[in-house]
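Worksheet: the structure to be examined is printed underneath.
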Amino acid sequence: MKKIVLGLLVILLSLQSCNSKKHTPNTVNKPISDLSIYNLPSKWTNQNGENIEMKELKGKVLVMVMIYTSCKSACPRLVADMRNIEEHLPENIKNNVKLVLVSINPVVDTPKRLKSFAIENKMDSEQWVFLRSTEENTREFAAVLAVNYKKIAPLEFSHSNIISVFNSEGELAYQQEGLGISSDETIKKITEEAQKLN
């Protein structure tokens, strides 16, 4: 009888330890902090025409930049910087990272246009997300990222050149400002945050 009871206890304890692993507080179930971009109620459309909210990206480290696809000056450099960051991320953390490009010209940057842009720039894997929304939502989001932009011609904008890193809970962890500068610190921060999710 004692052996049976002991056997049952061992089984129960092993089941508990399996369960406790599943219920360790992971970032997906944690409450959203006041500093998180996941508090924003805005709706966005991605390059596949799917409607999403920012909070659907929760649980990943986000590397974000604001661009527009018809830009001929700063944006190609920002896109190159984003691709350089992606290429230098360690393989074992890539699944924990999303690279997000947010359009500041939603009128021109339709989902179809964003999709073509993603393909043209070899940014069409699962890891890349292109987003557009209303002018109002875009302005609000730019303010959160400290990105300033204004229309200077029908298809031209002047804008800040900032790449932002958000941790898995949507809190700003790091910002890189400038064009064609070293991304070493940015990559280091992304890796640090993404390794916490392994």
(request) Measure the NZ-CG distance between Lys112 and Asn48 for me, rounded to the nearest 0.5 Å. (result) 14.0 Å
(request) Check whether any side-chain N or O of Gln47 sits under 3.5 Å from a backbone N or O of Trp128 as a donor-acceptor pair, and report yes or no. (result) yes
(message) Using 0.5 Å steps for rounding, measure from the CD atom of Glu169 to the CD atom of Glu193.
(response) 9.0 Å
(request) Indicate whether the side chain of Ser103 and that of Asp109 have a donor and an acceptor atom separated by less than 3.5 Å. (result) yes
(message) Does any part of the side chain of Met64, heavy atoms only, come nearer than 4.5 Å to the side chain of Ile37, both counted from C-beta?
(response) yes
(message) Hydrophobic clustering (ILVMFWY, side-chain heavy atoms < 4.5 Å, transitive) - are Phe157 and Leu114 grouped together?
(response) no
(request) Report the distance from atom OG of Ser36 to atom CE of Met54, rounding to the nearest 0.5 Å. (result) 10.5 Å
(message) Under 4.5 Å between side-chain heavy atoms, counting indirect links through other Ile/Leu/Val/Met/Phe/Trp/Tyr residues: same cluster for Phe166 and Leu40 or not?
(response) yes
(request) Check the hydrophobic clustering (I, L, V, M, F, W, Y; side-chain heavy atoms under 4.5 Å; chains of links allowed) and say if Tyr68 and Val144 are grouped together. (result) yes
(request) Report yes or no: does Gln175 contribute a side-chain atom to a donor-acceptor pair with the main-chain N or O of Ser164 at less than 3.5 Å? (result) no
(message) I'd like to know if the side chain of Asn121 reaches the main chain of Met123, judged simply by a donor and an acceptor atom lying under 3.5 Å from each other, with no hydrogens or angles considered.
(response) no
(request) For the residue pair Tyr38 and Glu53, establish whether any side-chain heavy-atom pair is separated by less than 4.5 Å. (result) no
(request) Determine whether Trp44 and Arg132 make a side-chain contact, defined as any pair of heavy atoms from C-beta on separated by less than 4.5 Å. (result) no
(request) For residues Leu155 and Ser70, report the shortest heavy-atom separation together with the two atoms involved. (result) O-OG, 3.6 Å
(request) Answer yes or no: is there a side-chain heavy-atom contact under 4.5 Å between Val100 and Val65? (result) no
(request) Would you please say whether a donor-acceptor pair under 3.5 Å links the side chains of Thr186 and Gln176? (result) yes
(message) Would Arg139 pass as a cation-pi partner of Tyr149, given that its NZ or CZ must be under 6.0 Å from the six-membered ring centre and within 45 degrees of the axis?
(response) yes
(message) Atom NZ of residue position Lys98 - does it have more than 12 heavy atoms of other residues, nucleotides or ligands inside 6.0 Å?
(response) yes
(request) Using the test side-chain hydrogen bond (donor to acceptor under 3.5 Å, both in side chains), find all partners of Glu171 that sit at least two apart in sequence or belong to another chain. (result) Ser33, Asn167
(request) Please report the C-alpha distance between Asn198 and Asn92 in whole Å, then the side-chain angles of each, then the deciding distance to 0.1 Å, and finally whether the side chain to side chain contact (heavy atoms under 4.5 Å, CB included) criterion is met. (result) CA-CA 8 Å; Asn198 276 347; Asn92 68 326; 3.8 Å; yes
(request) Begin with the C-alpha distance, continue with both residues' side-chain angles, and end with the deciding distance and a verdict on side chain to side chain contact (heavy atoms under 4.5 Å, CB included) for Asn148 and His159. (result) CA-CA 5 Å; Asn148 295 311; His159 57 89; over 6 Å; no
(request) List the steps, then state whether salt bridge (Lys or Arg N to Asp or Glu O under 4.0 Å) holds for Glu192 with Lys188. (result) CA-CA 6 Å; Glu192 203 178 282; Lys188 188 178 160 193; 5.6 Å; no
(message) Does Glu50, at its CD atom, have more than 12 non-hydrogen atoms belonging to other residues, nucleotides or ligands within less than 6.0 Å?
(response) yes
(request) Starting from the C-alpha separation in whole Å, work towards a yes-or-no answer on side chain to side chain contact (heavy atoms under 4.5 Å, CB included) for Val147 and Met66. (result) CA-CA 8 Å; Val147 169; Met66 294 190 85; 4.1 Å; yes
(request) Would you mind listing every salt bridge (charged side-chain N to carboxylate O under 4.0 Å, His left out) that reaches into residues 79-88, with sequence neighbours excluded? (result) Arg77-Asp81, Glu86-Lys94
(message) Are Leu89 and Ile181 connected into the same hydrophobic cluster when the rule is that any two of I, L, V, M, F, W, Y join if their side-chain heavy atoms are below 4.5 Å apart?
(response) no
(message) Using the rule side-chain contact (heavy atoms from CB on, under 4.5 Å), only one of Thr191, Ile187, Asp184, Ile190 pairs with His88; which is it?
(response) Ile187
(request) Heavy atoms only: give me the nearest Leu78-Gly178 pair and the separation to one decimal. (result) CD2-O, 4.5 Å
(request) Kindly give the heavy-atom pair with the smallest separation between Pro106 and Ser133, and that separation in Å. (result) CB-O, 2.9 Å
(message) Is there a side-chain contact between Lys43 and Asn51 in this structure, where contact means two heavy atoms from C-beta onward sitting under 4.5 Å apart?
(response) no
(message) If I compare all heavy atoms of Leu197 with all of Gly59, which pair ends up nearest, and what's the gap?
(response) CD1-O, 3.4 Å
(request) For the pair Arg113 and Glu120, find out whether any cationic side-chain nitrogen is under 4.0 Å from an anionic carboxylate oxygen. (result) yes
(message) Less than 3.5 Å apart, any donor N or O on the side chain of Lys60 or Asn96 sitting next to an acceptor on the other?
(response) no
(request) Go through the steps to decide whether Val102 and Phe130 satisfy the test side chain to side chain contact (heavy atoms under 4.5 Å, CB included), and finish with yes or no. (result) CA-CA 6 Å; Val102 179; Phe130 287 77; over 6 Å; no
(message) Can you confirm whether Ile163 sits close enough to Met82 that some side-chain heavy atom of one is under 4.5 Å from a side-chain heavy atom of the other?
(response) yes
(request) Assess the side chains of Asn137 and Thr134: does a donor N or O sit below 3.5 Å from an acceptor N or O? (result) yes
(message) Please find the pair of heavy atoms, one from Ala74 and one from Asn161, that lie closest to each other, and give the distance.
(response) CB-OD1, 3.4 Å
(message) Would the distance check show the side chain of Ser183 and the main-chain N or O of Ile85 forming a donor-acceptor pair, the cut-off being under 3.5 Å?
(response) no
(request) Decide whether Leu101 and Phe141 are clustered together by the hydrophobic rule: side chain heavy atoms of Ile, Leu, Val, Met, Phe, Trp, Tyr closer than 4.5 Å, transitively. (result) no
(request) Would you name the heavy atoms of Ser160 and Ala146 that are closest together and state the gap between them? (result) OG-O, 4.1 Å
